[in-house]
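We count residues from 1, following the sequence as given. Numbering of ligands and ligand atoms starts at 1, following listing order.
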Amino acid sequence: MFDSANVHLKGIGASKGYAIGTISVRKHPDFDVNDYVTESPEREKEKFEKAISVSVRQLIQLKKRTEIEIGSEEAEIFESHKMILEDPEFSSPVIEKIENDKMGAYKAVEEVIDMFSGLFRAMDNEYMRERAADFEDVGARIKRRLMGIEEDAAQEMADNTIVVAHDLTPSDTATLDKSKVIAFLTDVGGFTSHSSIMARSLGIPAVVGMGKISELAKDNMAVIVDGVEGKVIMNPSEELITSYKVKKADYDVGKDKMKALAKEKAVTASGREITVAANIGSVSDVDDALANGAEAIGLFRTEFLFMESDTMPSEDAKFEAYKTVVEKMAGKSVLIRTLDIGGDKELPYLKQEKEDNPFLGLRAVRLCLKEHELFKMQLRAILRASAFGKIQIMFPMIGAVSELMEAKKMLDECKQELRSKGIDFDEDIEVGMMIEIPAAAVAADSFAKHVDFFSIGTNDLIQYTLAIDRMNPAVSYLYDPMHESVLKLIKMTIDAAHANGIWCGMCGEMAADPQAIPFLVEMGIDELSMSAASIPEAKGIIRRLS
Ligand code: PEP
Ligand code: MG
């Protein structure tokens, strides 16, 4: 199928950049349950336990190797794989199947892994869905051990290799020779899949979601990868190769310049400085934020800490996480958003009524104002952490002034509790709100009198303004950040903030949109907060503005 020259294929450009090289198709060894010899339950248990202990040892090695070759944050994935293997929630059902159903260890592992990965795959949240791949990776590792297949030696590769795979698991990427691999192409995956994240960390282009590329492509085929447009050209002609070499050289020079300047401030030609901040979801994101030149944390989404465990994290656990972030930021401000659960995010330990329209339901601050102890526990943790650096508190999904006043009243009660116990906190802590409901944007002037700042959450503001579900691909073509009504609401919000002497930032995806940044700066935005990887480019765009 790729015999003719210049065969163009489309996918999702998950990591920008260009690569020109030859393909190496990565396939996993073919084996199935019928190749496995089942013995007595005692023997099967022994084999399973041995497979676990060998795998745990391998994962410790892979973590070390990844720490050196890529970074400590990327290496953390192997810690979570190790935790899965050591968790009785995984091993007990396997042992039960071996003992009670006389099942072979291989099949028992397969069934338990399928059950866990099925649970994650069914989740609404893309990030959680992608975690199914971690269970599958762990399962495949154990199964290889049970089949007696040795592995994890780095693969021999030629220079300029473009790795093609159905999907690249963390274990796959850890064993690739990073000095030879210049791009990834995968059949499946999205922007947050492991292969995409790794490609961005390695600074190499990736095009994912390509359908059947791993079946159709053959080793040693010549290929051009265009991660900017999400395009792949098989068997490219000499002319095309030459033109892409020029594109690649320009892109690489621009990228090097951007990186070198990432830590410098973003000032327009006329001297206006825009704060460029990072959005984070956990403590482990901070290093990346700083490395990319974040001048602040403009949005700390706190729900992930709540979603990661089966039980409610304690006030101390939250306090420790917030304190670590603020200490790592060493004097730079950290904007902590209170819990935004509901909508597409659920907590397994919090009983919530099923809602017909969860995005219009008991979400975020609405839920917190019902669940007083849950809310206050978080507010106390944030206040306590504010004694260790500059923290700002932000309430999400505020639609009425009465909600804001109630949330602030609860914050005052928490301050009073801490004062009476002699616990330190920042008495001048800034309090702000997200503007993500159109009603709040329209009435921004009334809200501005009661807060120290606004941050515009365009992900929701756009979905509520245009009545477009932000998660629904069938209507995504109508999800338009540059829609006149969205721009008007943004302008009204910024103007109301400034008329009342407060600052206004933006933390939705639009803040990193190269097309939108010039308009936002023109409208007077004070801060743009985005994923760490977008910061160098955003700063570069701001510097080119008049
Ligand atoms: C937003 O709505 O723009 C936002 C930043 O919040 P989230 O994406 O977490 O809803
Ligand atoms: Mg939101």
Exercise. Check the pair Arg384 / Glu315 against salt bridge (Lys or Arg N to Asp or Glu O under 4.0 Å), numbers first and verdict last.
Key: CA-CA 10 Å; Arg384 284 167 58 197; Glu315 180 179 321; 2.9 Å; yes
Under 4.0 Å from a heavy atom of [X]: give me the atoms of ligand 1 that qualify, with their elements.
X: Arg363; result: 10 (O)
X: Cys507; result: 5 (C)
X: Gly457; result: 1 (C), 2 (O), 3 (O)

Quiz item: Can you tell which of Met510, Arg301, Met530 gets a heavy atom nearest to atom 9 (O) of ligand 1?
Solution: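 When every heavy atom of Met510, Arg301, Met530 is considered, Arg301 comes closest to atom 9 (O) of ligand 1.
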Decide whether the shortest distance between a heavy atom of [X] and an atom of ligand 1 is less than 4.0 Å.
X: Arg470; result: yes
X: Met506; result: no
X: Glu509; result: no

Quiz item: Are any of the N or O atoms of Glu436 closer than 3.5 Å to those of ligand 1?
Solution: yes
Quiz item: Between Thr458 and ligand 1, does any nitrogen or oxygen pair lie at a separation below 3.5 Å?
Solution: yes
Practice problem: Report the part of Leu299 in contact with ligand 1, treating N, CA, C, O as backbone and CB onward as side chain, heavy atoms under 4.0 Å; options are side chain, backbone, both, neither. | Solution: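 Side chain only.
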Could you check whether [X] pairs with [Y] (Lys NZ or Arg NE/NH1/NH2 to Asp/Glu carboxylate O, under 4.0 Å)?
X: Asp460; Y: Arg363; result: yes
X: Asp287; Y: Lys328; result: yes
X: Lys265; Y: Glu295; result: no
X: Lys409; Y: Glu406; result: no

Quiz item: Do we see a donor-acceptor contact under 3.5 Å between the side chains of Thr338 and Gln378?
Solution: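 The answer is no; no qualifying pair exists.
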Quiz item: Among all protein non-hydrogen atoms, which one is nearest to atom 6 (O) of ligand 1, and what is the separation to 0.1 Å?
Solution: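 Going atom by atom, the protein heavy atom closest to atom 6 (O) of ligand 1 ends up being Arg337 NH1, 2.9 Å.
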Quiz item: Are any N, O or S atoms from Glu436 nearer to the Mg ion (ligand 2) than 2.8 Å?
Solution: yes
Practice problem: For the residue pair Phe453 and Trp503, categorise the inter-ring angle as parallel (less than 30°), tilted (30 to 60°) or perpendicular (more than 60°). | Solution: parallel
Self-check item: Which atom of Val326 lies closest to which atom of Lys390, heavy atoms considered
Solution: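 Residues Val326 and Lys390, closest heavy atoms: CG2-N, 3.6 Å.
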Exercise. Looking only at N, O or S atoms, find the one in Asp460 nearest to the Mg ion (ligand 2) and name it.
Key: OD2
Exercise. Determine, step by step, whether Asp167 and Thr186 satisfy the side-chain hydrogen bond (donor to acceptor under 3.5 Å, both in side chains) criterion, reporting the C-alpha distance in whole Å, the side-chain angles of both residues, the deciding distance to 0.1 Å, and the verdict.
Key: CA-CA 5 Å; Asp167 194 11; Thr186 60; 4.9 Å; no
